[in-house]
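Here the structure comes first, spelled out in structure tokens, and everything after it is commentary.
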Amino acid sequence: MTVAKRLAPFGVTIFTEMTALAVSNGAINLGQGFPDWEGATFAKQAAAASLARGDADQYPPSGGIPELRRALAGRYTTLLGRPVDPDTEVTVTSGCTEALSACFLGLVDPGDEVVVIEPFYDSYPVGVSLAGASARHVTLRPPHFRLESDQLRAAFSSRTRAVVVNTPHNPTGRVFDRDELSALAALCVEYDVIAICDEVYEEMVYDGEHLRLATFPGMAERTVTLSSVGKTYSLTGWKVGWAVAPPNLTAGLRAAHQYLTFTTPTPVQYGTVAALAAPDSFYAELRSDYRRLRDLLADGLAEVGFDVHRPQGTYFLLAGYVELSDADDRTFARRLVQEAGVAVVPPSVFYHDPIDGRGMLRFAFCKRADVLEEAVSRLRSYQQNRP
Ligand SMILES: Cc1ncc(COP(=O)(O)O)c(C=O)c1O
């Protein structure tokens, strides 16, 4: 393999590895986080209509089609409690993943430090490395996975350029509370740090309330808020995301975005305009459907003997398995896919020191109830029949 030194340490993503193993073993895939039902019909119809009209055939503007930037500006004006300008403060990207890369490459310099909360979404450390910066880690630890203010303070210094915050948090399911985010905001202000807030699970909150760091005192001028269409509307294949930030930060991330992808396919941008017009009842139903699936999986796993950390948000849960095996998480995950027919993700890949994720597994519950029931039943049989 010929891989640049900047990327060689990261290897193949765990999702590719576990999905391939799931397919070759005919396993139920609770590894990768994509729903096994169809995405929002009203959004798909709007995307299809724009294809049929023929107004989606050519390059859209780099920042996104005006209709989508206006829709996002309207939404975030309400959510952030300040006027958001569609031309200078909203950028449409190819998924939240591209928005993250645009932030790292467009706002962080080589030699800078970026505070990364772990367990992390695996593109964060790669983005930091591609920018030539280094990561300072703050570790969330079981059973509460709290953002501890003394640890945060220890990670900040005059070299800190940015912090990446994901709430609701994958993979712990934490929804950071006001105390945790206030402490973080105060440090950002004190050290003049940019906050890159990944809020892709913003609509999946079952306990607690989703708070936006951009609304904390002193944060509006230093926060980039990111999200995407994938999770909320069950359209992960569309890869439409966005970044909302004040004009100076938007200029930085757009400087990278224009050379990363330049733009995002037009039909799915029109579809996203329709998605954003969903009524409140759509989000309420989404939450209650996911809460049911969360409880189904959490209760089932607990019965099998897992030590379940019931998530406050997202569609993931972490579960300890020390009662079931003393293998490390990668070995146990491989064993489960081969011997139980259930694929999961070993969370040690989400920590800079794999030892921190060792005794847990990550399960995705964005799957139909019958699929989750079958997964639990397979795990129960595996547990009952193991030597
Ligand atoms: C925390 C987090 N951020 C970003 C993404 C990716 O979002 P997108 O598909 O919009 O690139 C994911 C997907 O799993 C995620 O879990």
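Counting convention: from 1, in listed order, for ligands and their atoms alike. Throughout, residue positions are numbered sequentially from 1 according to the sequence presented.
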Taking 4.0 angstrom as the limit and counting only heavy atoms of [X], give me the atoms of ligand 1 inside it, by number and element.
{"X": "G95", "answer": "10 (O), 11 (O)"}
{"X": "N166", "answer": "1 (C)"}
{"X": "V200", "answer": "2 (C), 3 (N), 15 (C)"}

Nearest protein heavy atom to [atom], by residue and atom, and its distance?
{"atom": "atom 9 (O) of ligand 1", "result": "K239 NZ, 3.1 Å"}
{"atom": "atom 16 (O) of ligand 1", "result": "Y201 OH, 2.6 Å"}
{"atom": "atom 7 (O) of ligand 1", "result": "C96 CB, 3.6 Å"}
{"atom": "atom 13 (C) of ligand 1", "result": "K231 NZ, 2.6 Å"}
{"atom": "atom 3 (N) of ligand 1", "result": "D198 OD2, 2.5 Å"}

_Carboxylate-amine/guanidinium proximity below 4.0 Å for D109 and R161_ =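 Here D109 does not pair with R161 in a salt bridge, since their nearest N and O are not under 4.0 Å apart.
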Aromatic contact, [X] with [Y] (centres under 6.0 Å):
{"X": "H169", "Y": "F145", "value": "no"}
{"X": "F332", "Y": "Y321", "value": "yes"}
{"X": "Y315", "Y": "Y201", "value": "yes"}
{"X": "W37", "Y": "Y233", "value": "no"}

*asked:* With nothing but distance in play, are any N or O atoms of N170 less than 3.5 Å from an N or O of ligand 1?
replied: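 So ligand 1 has an N or O lying under 3.5 Å from an N or O of N170.
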*Flag S94 as yes when one of its N or O atoms lies below 3.5 Å from any N or O atom of ligand 1, and as no otherwise.*
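Looking only at distances, the answer is no, because the N/O contact criterion of under 3.5 Å is not met.
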*Ignoring hydrogens and geometry, is there a side-chain-to-backbone donor-acceptor pair from H257 to E98 under 3.5 Å?*
no
*asked:* In this structure, would L324 and L317 fall into the same cluster of hydrophobic residues linked by side-chain contacts under 4.5 Å?
replied: yes
*Establish whether F15 and L336 are linked, either directly or via other cluster members, by ILVMFWY side-chain heavy-atom contacts under 4.5 Å.*
no
*Contact with ligand 1 for H169, non-hydrogen, under 4.0 angstrom*: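 Judged by the 4.0 Å heavy-atom criterion, H169 does not count as contacting ligand 1.
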*Is there a heavy atom of T236 sitting under 4.0 angstrom from any atom of ligand 1?*
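It does not, in that no heavy atom of T236 comes within the 4.0 Å cut-off of ligand 1.
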*ligand 1 contact on T97 by region, counting heavy-atom pairs under 4.0 Å*: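 Answer for T97: both.
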*Is there side-chain contact between L100 and D198, with at least one heavy-atom pair below 4.5 Å?*
yes
*Of F316, W242, Y121, W238, which has the heavy atom at the shortest distance from atom 6 (C) of ligand 1?*
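When every heavy atom of F316, W242, Y121, W238 is considered, Y121 comes closest to atom 6 (C) of ligand 1.
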